[in-house]
Student: 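If you scroll down you'll find the structure; I have some questions about it.
Any value given below was found using the heavy atoms of this structure, including those in side chains, with hydrogens, waters and symmetry copies removed. Note that the coordinates shown come from a computational prediction; the quantities given were computed from them, not determined experimentally. Per chain, numbering begins at 1; letters A, B, ... match sequence-line order.
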Amino acid sequence: MAQIAGNFIFNEIEKDIASGKYTADEIKTRFPPEPNGYMHIGHAKAICINFSVKEKYNAKTNLRYDDTNPEKESSVFTEAIQRDIAWLGFKWDELLYSSDYFGRMYEYALELIKKGLAFVDDQDQDTIKATRGTLNEPGVESPFRNRSIEENLELFVAMKEGKYSPGDRVLRLKIDMKSPNMNMRDPVIYRIVNATHHNTGDDWCIYPMYDYAHPIEDAIEKITHSLCSLEFEDHRPLYNWVLENLDDFKEKHPRQIEFARLNLTRTITSKRYIKQLVEAGIVDGWDDPRLVTLGGLRRRGVTPAAIRKFMENIGVAKSNSTIDMQQFEYFIREDLLLSSVRVMGVVEPLKLTIENYPEGQKEYLDVPYRMDDEASETRKVPFSRNLYIERSDFEEIAPKKYYRLYPGNEVRLMGAYFVKCTGFVKDENGVITEVKCTYDPLTKSGSGFSERKVKGTIHWVDANENVPVELHLLYDLLKEGGNSKNFLDNINRDSLIVKNGYAEISVKGTAPGERYQFVRNGYFCADTKYTEGDKLVFNRTADLKSGWKPEK
RNA sequence: GGGGGCAUCGCCAAGUCGGUAAGGCAACGGAUUUUGAUUCCGUGAUGCGUAGGUUCGAAUCCUGCUGCCCCUGCCA
């Protein structure tokens with residue numbers, strides 16, 4: 001395996017090992033998603049970070065669902081999450097649910113109550129909110145803060161037994177209403193919720209809050225490094241407080257370390273916004289190939305290897321940053337360059353007639369999959385008088401430095417012959433409908449012909465023996481420069497361009513999910529939703545970079 | 001009028017004890033090329049938010065200032 005690049009988290013882990021805080025063989029991380037939605041590229045960063053610790057230190061990494069809010073969670077998401085992690089190529093050591101610890105969490109709450117560190121508050125939500133204070137003013141203590149341990153115990157048990165309704169009472173930690181850290185102002189740690197939980201069913205009607213549950217989950221699993229995103233930095237004192245006040249964990253407990261989450265230019269990662277797109281029918285689901293959800297990327301044809309290399313390359317740090325989408329695209333192309341088969345496909349067909357190639361004649365050329373590799377395998381590609389070429393490979397009046405076809409110019413048809421443009425046909429609207437040319441039999445590909453050279457090489461497809469393909473060209477979902485308050489106004493309505501083209505016959509029978517490089521057009525992946533039987537639909541995963549700029 | 005973070009090339013990002021600014025993406029040259037792809041060479045900070053200070057020497061230490069992000073859910 002390739003050397004894993006360093007980052008500040010690895011440095012901290014190594015310091016902890018050096019200082020004896022944790023031994024090398026007990027290093028353990030966890031990826032703790034809440035099963036309340038589909039994962040996207042941002043989650044992939046967190047997954048890669050946690051599992052990279054496993055790989056680098058030969059450690060353990062658990063997949064643990066942070067399922068403490070039954071109103072938002074569902075098992076359709078637990079399954080989707082497992083699929084996505086497995087797709088990325090990671091194997092968790094244990095698959096766990098924080099809801100499996102509800103019993104222990106309840107016992108620990110009892111312990112805190114007995115220690116006088118937690119109390120049942122009868123105030124309603126609005127009152128609690130109003131007495132929390134502000135960033136600049138301290139909060140005020142609840143009038144119920146000092147009730148007896150016995151009464152707290154009795155009330156909390158009653159909460160658990162369903163004697164009250166949601167909102168009636170909560171369990172709060174007794175920390176400090178004057179703390180400058182809002183999280184420490186007697187945070188609520190248990191609330192009453194009447195909802196069926198995806199894992200525990202109707203066993204519970206009280207549910208722990210994240211700030212209380214998370215440190216306990218980590219500690220129970222003996223996680224050493226609890227890696228999370230920056231916004232939890234303010235929660236770290238509370239994370240530590242909970243563990244330091246519980247007998248089971250006060251001696252030794254996990255360490256929380258925060259890192260900056262991933263932002264990518266030109267993309268939408270907000271769950272709320274993606275949902276809007278799905279519901280408005282702008283995209284065809286959570287796995288629409290234009291989305292950076294893991295399902296969307298998979299359907300688009302992006303490989304797990306590309307995602308992982310990208311994540312490793314961008315590093316891990318604490319500064320808020322936005323990575324240029326081009327950097328991600330670079331790794332997509334890099335991975336596809338050698339892994340995908342190269343064939344010819346025409347996106348926007350234009351007829352090419354070879355006037356001196358006998359009508360009715362046809363030959364099958366042996367074309368190497370890789371023109372740049374002499375050892376490349378070949379496939380048979382039919383060639384005849386009537387072909388299709390790319391519309392953009394012909395110009396009636398050539399711009400400067402245009403190497404493609406225009407009247408009088410000669411180019412190479414990849415894997416075939418040199419061809420010289422002799423004319424073209426326009427319809428009544430001035431649209432070019434056909435290009436005419438002659439070919440030179442001496443220039444056959446592979447013959448070693450070297451009498452003259454040609455600047456351009458273009459791809460082509462036989463006009464009779466081919467396979468029709470529907471090509472989905474995918475562009476940014478966000479309009480450039482759009483910053484209307486109304487999200488939908490910022491959406492690029494041309495993010496999906498559908499083209500009906502032709503691919504060489506070897507593409508026939510392509511299975512959903514299979515990839516090609518359609519030479520000069522980019523990397524394509526057969527869509528898993530629309531490809532069916534003879535109907536081939538391809539998503540363009542990425543185009544090819546081009547150094548050619550028409551205008552000067 | 002609080003607290004917690006972050007500031008190194010257009011975008012990311014190394015820089016662990018102060019010793020004289022890695023790497024990637026992008027961009028721009030040029031070479032090779034039956035993909036204007038790939039590959040290959042070459043080009044970037046006298047400078048590390050800013051102003052001072054300590055030091056033979058500071059991105060790294062000290063002080064002041066500035067900018068940006070996060071925090072007042074019975075969400076995670």
Student: May I ask you to evaluate whether R520(A) reaches the phosphate of G36(B), defined as a side-chain N or O under 4.0 Å from OP1 or OP2?
Tutor: yes

Student: If you measure from the P atom in G30(B) to the same atom in A51(B), how many Å do you get, rounded?
Tutor: 39 Å

Student: Say we look at U66(B) and U50(B): how far apart would their P atoms be, to the nearest angstrom?
Tutor: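 These two P atoms come out 15 Å apart once rounded.
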
Student: Taking the same atom, C1', in G15(B) and in G36(B), what whole-Å distance lies between them?
Tutor: 39 Å

Student: Can you tell me the Watson-Crick or wobble partner of A27(B), both distances under 3.5 angstrom?
Tutor: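 Looking at the geometry, A27(B) pairs with U43(B).
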
Student: Do we see a donor-acceptor contact under 3.5 Å between the side chains of N521(A) and E390(A)?
Tutor: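 Side chains of N521(A) and E390(A): pair found under 3.5 Å.
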
Student: I want to verify a distance call: between G3(B), C74(B), A76(B), whose nearest atom is closest to the P180(A) side chain?
Tutor: G3(B)

Student: Using a 5.5 Å cut-off between ring centres and planes within 30 degrees, is W548(A) stacked on the base of G36(B)?
Tutor: yes

Student: Is it the case that D124(A) and T127(A) place a side-chain donor and acceptor less than 3.5 Å from each other?
Tutor: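 Yes, a side-chain donor-acceptor pair sits under 3.5 Å.
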
Student: Whether R412(A) contacts U33(B) is assessed here as follows: a side-chain N or O lying under 4.0 Å from the phosphate OP1 or OP2. Is that the case?
Tutor: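 Result: no.
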
Student: What contact category does E14(A) fall into here, base, sugar-phosphate, or nothing, at under 4.0 angstrom with non-hydrogen atoms?
Tutor: nothing

Student: Mind checking the P distance from A21(B) to U60(B)? Whole angstroms is fine.
Tutor: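 Result for the P pair: 14 Å, nearest Å.
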
Student: As a test of reading the structure: which of C12(B), C11(B), C71(B) is closest to the side chain of D234(A), going by heavy atoms?
Tutor: C71(B)

Student: Name the nucleic acid region contacted by Y402(A), choosing base, sugar-phosphate or nothing; use a 4.0 angstrom heavy-atom cut-off, strictly under.
Tutor: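 Answer is base: heavy atoms of Y402(A) come under 4.0 Å of a base.
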
Student: Looking at A26(B), I'd like to know if its phosphate oxygens (OP1 or OP2) sit under 4.0 Å from a side-chain N or O belonging to K545(A).
Tutor: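 Result: yes.
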
Student: Need the pair for U60(B). Rule: Watson-Crick or G-U wobble, both distances under 3.5 Å, any strand; none if unpaired.
Tutor: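 Result: none.
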
Student: Nearest to the side chain of Q326(A), which nucleotide is it out of A76(B), A26(B), C74(B)?
Tutor: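 Of the candidates, A26(B) comes closest.
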
Student: Have a look at L338(A) and say if it touches a base, only the backbone sugar-phosphate, or nothing, with a 4.0 Å heavy-atom cut-off.
Tutor: nothing

Student: Nearest to the side chain of N136(A) - G36(B), A76(B), G2(B)?
Tutor: G2(B)

Student: Please work out if L337(A) contacts a base, only the sugar-phosphate, or nothing of the nucleic acid, heavy-atom cut-off 4.0 Å.
Tutor: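 Here L337(A) touches the backbone only, sparing every base.
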
Student: Can you label the angle between the Y439(A) ring and the Y417(A) ring as parallel, tilted or perpendicular, going by 30° and 60°?
Tutor: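 Y439(A) and Y417(A): perpendicular rings.
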
Student: Taking only the side-chain nitrogens and oxygens of N11(A), find out if one of them lies under 4.0 Å from OP1 or OP2 of G15(B).
Tutor: yes

Student: If we take the C1' atom in both G18(B) and C61(B), what is their distance in whole Å?
Tutor: 7 Å

Student: In terms of side-chain heavy atoms of V188(A), which of C75(B), C74(B), G24(B) is nearest?
Tutor: C74(B)

Student: Which nucleotide, A14(B), U34(B), C12(B), lies nearest any side-chain atom of A317(A)?
Tutor: A14(B)

Student: Say you pick atom P in G29(B) and the same atom in G64(B); how far apart are they, in whole Å?
Tutor: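 G29(B) and G64(B) have their P atoms separated by 49 Å.
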
Student: Do any side-chain nitrogens or oxygens of T68(A) fall under 4.0 Å of OP1 or OP2 in A76(B)?
Tutor: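 Yes, because at least one side-chain N or O of T68(A) sits under 4.0 Å from OP1 or OP2 of A76(B).
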
Student: Taking pairing as Watson-Crick or G-U wobble with both contacts under 3.5 Å, can you name the mate of A7(B), or confirm there isn't one?
Tutor: U66(B)

Student: Is F232(A) touching bases, backbone alone, or none of the nucleic acid, heavy atoms closer than 4.0 Å?
Tutor: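 Contact class for F232(A): base.
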
Student: Closest-nucleotide mapping onto RNA chain B: is V170(A) or L230(A) further toward the 5' terminus? I mean the 5' end.
Tutor: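 The 5'-side residue here is L230(A).
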
Student: Determine the Euclidean distance between corresponding P atoms of A76(B) and A7(B); express it in Å to zero decimal places.
Tutor: 30 Å

Student: Between Y210(A) and E34(A), do the side chains contain an N or O donor and an N or O acceptor separated by less than 3.5 Å?
Tutor: no

Student: Would R412(A) count as a cation-pi partner of F418(A), with NZ or CZ less than 6.0 Å from the six-membered ring centre and within 45° of the ring normal?
Tutor: no

Student: Under a plain distance cut-off of 3.5 Å, with no hydrogens placed, do Q327(A) and E329(A) share a side-chain donor-acceptor pair?
Tutor: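 Short answer, no.
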
Student: If you define the side chain from C-beta out and look only at heavy atoms, does anything of V411(A) sit under 4.5 Å from N409(A)?
Tutor: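 Yes - at least one pair of side-chain heavy atoms lies under 4.5 Å apart.
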
Student: Given A13(B), G2(B), A26(B), which nucleotide is nearest the side-chain atoms of S319(A)?
Tutor: A13(B)

Student: On the nucleotide U38(B), are OP1 or OP2 found under 4.0 Å from the side-chain N or O atoms that R370(A) carries?
Tutor: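 Checking R370(A) against U38(B): no side-chain N or O falls below 4.0 Å of OP1 or OP2.
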
Student: Pick base, sugar-phosphate or nothing for K15(A), based on heavy-atom distances below 4.0 Å to the nucleic acid.
Tutor: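 It contacts nothing in the nucleic acid.
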
Student: At 4.0 Å (heavy atoms only), tell me whether G547(A) reaches a base, stays on the sugar-phosphate, or touches nothing.
Tutor: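 Sugar-phosphate, backbone atoms only, no base.
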
Student: Check whether the side chain of Q125(A) and the base of G73(B) form a donor-acceptor pair under 3.5 Å.
Tutor: no

Student: Does R236(A) make a side-chain donor-acceptor contact with the base of G4(B), cut-off 3.5 Å?
Tutor: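 Donor-acceptor pair under 3.5 Å: no.
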
Student: For G2(B), give the paired nucleotide (Watson-Crick: N1-N3 plus N6-O4 or O6-N4; G-U: N1-O2 and O6-N3; both under 3.5 Å), or none.
Tutor: C71(B)

Student: Name the closest nucleotide to the M209(A) side chain, picking from G36(B), A76(B), G24(B).
Tutor: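 Side chain of M209(A) sits closest to A76(B).
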
Student: Show the nearest heavy-atom pair for residues D393(A) and Y402(A), with the distance to one decimal.
Tutor: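 Smallest heavy-atom distance, with atoms named: C-OH, 3.1 Å.
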
Student: Reckon R132(A) has a side-chain N or O less than 4.0 Å from the OP1 or OP2 of G73(B)?
Tutor: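 True: R132(A) side-chain N/O within range (under 4.0 Å) of G73(B) OP1/OP2.
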
Student: Determine: side-chain N/O of R272(A) to OP1/OP2 of C75(B), distance under 4.0 Å, yes or no.
Tutor: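 So the side-chain polar atoms of R272(A) never come under 4.0 Å of the phosphate oxygens OP1 or OP2 of C75(B).
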
Student: Provide the distance between the two P atoms, one in C9(B) and one in C71(B), to the nearest whole Å.
Tutor: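 Going atom to atom, P in each nucleotide, I get 27 Å.
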
Student: Can you tell which of G3(B), A37(B), C74(B) lies closest to the side chain of L544(A)?
Tutor: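 Closest nucleotide among those given: A37(B).
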
Student: Give one of base, sugar-phosphate or nothing for G446(A), where a contact means two heavy atoms less than 4.0 Å apart.
Tutor: base

Student: Check whether any side-chain N or O of Y403(A) sits under 4.0 Å from OP1 or OP2 of G36(B), and answer yes or no.
Tutor: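 For G36(B), OP1/OP2 do not have a side-chain N/O of Y403(A) under 4.0 Å.
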
Student: Looking at F10(A), I'd like to know if the NZ or CZ of K56(A) sits under 6.0 Å from its six-membered ring centre while staying within 45 degrees of the ring's axis.
Tutor: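 Yes, a cation-pi geometry.
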
Student: Under 4.0 Å between any heavy atoms, over every strand shown, what does H214(A) touch: base, sugar-phosphate, or nothing? Just pick one.
Tutor: nothing

Student: Nearest to the K72(A) side chain among C75(B), G24(B), C74(B), which nucleotide is it?
Tutor: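 Selected nucleotide: C75(B).
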
Student: How is T265(A) classified with respect to the nucleic acid when contacts are heavy atoms under 4.0 Å: base, sugar-phosphate, or nothing?
Tutor: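 Since no nucleic acid heavy atom lies under 4.0 Å of T265(A), the category is nothing.
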
